[in-house]
Amino acid sequence: MAIRTVAAGGILRGGARRAEQPLRPESLAKQIRQLGIPALPARGAALRQHIQDSPAPIIADALGFHPVTTAKLATETGTTYNRYAPGDHTQSPLPRPPRRTDGS
């Protein structure tokens, strides 16, 4: 089974029956091995690249890794997201009470 590429050079779901079906990890690993790339080192390299580009807790949540695993990899790769605060940052903090100007 050959990997089909799109104009941008990306992998196009080779082996899927319909376009909306995702490629199974086993199929992708097989295709990577056929290209002569060892799958496990490639997986580790890809994970480390993701962790360099985004905070480790987000990568852990998105890809199903344990947060401690991605935190250790983040330390190994020297990322600067070690003080990332997860949570909803879309809400403004509570307004401050007005300052008193009458001297009391």
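Bear in mind that the values here come from a model prediction, so they are computed numbers and not experimental data.
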Pairs under 3.5 angstrom only: tabulate donor-acceptor contacts from the side chains of residues 38-48 to other protein residues two or more places apart or in another chain.
{"residue": "Arg48", "atom": "NH1", "partner": "Gly44", "partner atom": "O", "Å": "3.4"}
{"residue": "Arg48", "atom": "NH2", "partner": "Glu76", "partner atom": "OE1", "Å": "3.4"}

Should Ile58 and Ile51 be regarded as members of a common hydrophobic cluster, given that ILVMFWY residues are connected when their side-chain heavy atoms come within less than 4.5 Å of each other, either directly or indirectly?
no

Which side-chain hydrogen bond (donor to acceptor under 3.5 Å, both in side chains) pairs, counting each pair once, include a residue from residues 51-72, with sequence neighbours left out?
Gln49-Asp53

Heavy-atom pair with the smallest gap, counting every atom of Ala74 and Ala56
CB-CB, 4.0 Å

Would you give the length of the straight line joining atom CZ of Arg33 to atom NZ of Lys30, rounded to the nearest 0.5 angstrom?
8.5 Å

Transitively linked via ILVMFWY side-chain contacts under 4.5 Å: Leu73 with Leu63?
yes

